[in-house]
Amino acid sequence: MVGYIDKIKEISERLLKDGKVDMVIGFRKGTMPMMNEPHRVKSADDVKNLVWDSNCGINLANYLTDRKEKIGIVAKGCDSRNIVTHIIENKIDRDQLYIIGVPCKGMIDSHKITNAVSGEIVDVVESNGEVTVKGDGFEETFNKADVLQKNCAVCIHRNPVIYDELVTDLVEEQADVDRYEDVREIEAMSTEEKHNFFDDLLAPCIRCYACRNACPLCYCPTCFVDESRPQWVGKGDDPVDIKTFHFLRAYHCAGRCTDCGSCERACPVGINMRLLTKKLEMDCLNLYGWEAGLTLDNRPPLDTYKPDDPEEFIK
Amino acid sequence: MEFMGIERDRLHLSWISSAEATKFVEVVNNVTEAVRALGPNTHFIKNEAKVA
Ligand code: SF4
Ligand code: SF4
């Protein structure tokens, strides 16, 4: 993974020099360890600031919405699927894009690592499948496989589904992963247990909306939580309002969510709100045989009608 | 909603044409019966903020 950057830089420089694109969207080193940030490169001189390692979990498709210029974009498997979704939803035109595909081996979970060490992390080095973090008076090494983001650990679309050029050979997709174990565990609970589970899960939420802002699907000019006429949901930290925000946000992502994990990654308090979107993702797969963002040729299940659509829930 | 802890029988969805009066009555009766059997709702209730 770490070696990909030379190729990304080479492609970006070429695209910008040849005038094929007006900007390249990639990552630069973040101000915090394990948090690389999106970077728009508009000139060949700036290409040197691009980076690539296992801290590039944020979904770059988020930065394409309604852009008018020609864009080169660095895309992992999940980013590419959200790019497909963006194209399907007319948020960007395929012809505007030059997609630099990055076969991905998973991103590391900053929450997990932060919780595993005792002090503040100031530096992170990655090599040969190991991640070493350093801070004041400590140094710890993790096996990368143990500290993968939860969604990466069960990802079955690591390779970009759409691209103009790849930075390296395609990687082997993970087989035999149980994607929905956690969802089934919740489904097996009683009503009361489910209710309490989500109460506990969402209790620390401070309504910062980082999860919404990080998600490429959330591009409405005014989000329902920000509307005040009418006000759909209370804006405070009442547990009912928090829950309402979360389940409605999840519904808005139904049939569109690629389980890229950006939302969970962005959350400052480490809430796994993906459990909600994953339930819908699982339902879409089981009911409609649909996985979001795999092809430009089919319309998503929620904007098509088929006579044999399942309808047991309608009485 | 069921996934988040609302009882299955509390929430109902139905398509009824404006010409289907009998179906409407039937559904309303069924919904009332099902919800009554569950008793009062205890979750997703927001209390008005108390103003001193
Ligand atoms: S809801 Fe979360 S996992 Fe799904 S597409 Fe949005 S950011 Fe990615
Ligand atoms: S990012 Fe976390 S704290 Fe912020 S609104 Fe989302 S779940 Fe709540």
> When heavy-atom pairs shorter than 4.5 Å are enumerated against chain B, which of Glu193(A), Lys194(A), Glu192(A) gives the highest number?
Replying inline: Lys194(A)

> When heavy-atom pairs shorter than 4.5 Å are enumerated against chain B, which of Met189(A), Glu187(A), Lys243(A) gives the highest number?
Replying inline: Lys243(A)

>> Counting the benzene-type ring for Trp, do His86(A) and Tyr219(A) have ring centres under 6.0 Å apart?
In response: yes

> Parallel under 30°, tilted from 30 to 60°, perpendicular over 60°: which one fits the rings of His43(B) and His195(A)?
Replying inline: parallel

>> Please classify the contact between Ile16(B) and chain A as side chain, backbone, both or neither, with a heavy-atom cut-off of under 4.5 Å.
In response: neither

Tell me, for [X] versus chain B, whether the close heavy atoms (under 4.5 Å) come from the side chain, the backbone, both or neither.
X         : result
Leu201(A) : neither
Asp199(A) : neither
Leu248(A) : neither
Phe198(A) : side chain

>> Using a 4.5 angstrom heavy-atom cutoff, name the option from Lys46(B), His12(B), Met1(B), Met4(B) with the most pairs to chain A.
In response: Met4(B)

> Taking only residues two or more places apart in sequence or in another chain, which ones pass salt bridge (charged side-chain N to carboxylate O under 4.0 Å, His left out) with Asp303(A)?
Replying inline: Arg299(A)

> Should Arg207(A) and Asp237(A) count as an ion pair when the cut-off is N to O under 4.0 Å?
Replying inline: no

> Are Glu33(B) and Arg36(B) close enough for a salt bridge, meaning some N to O gap below 4.0 Å?
Replying inline: no

> Residues in ring pair (Phe, Tyr, Trp, His ring centres under 6.0 Å) with Tyr251(A), at least two apart?
Replying inline: none

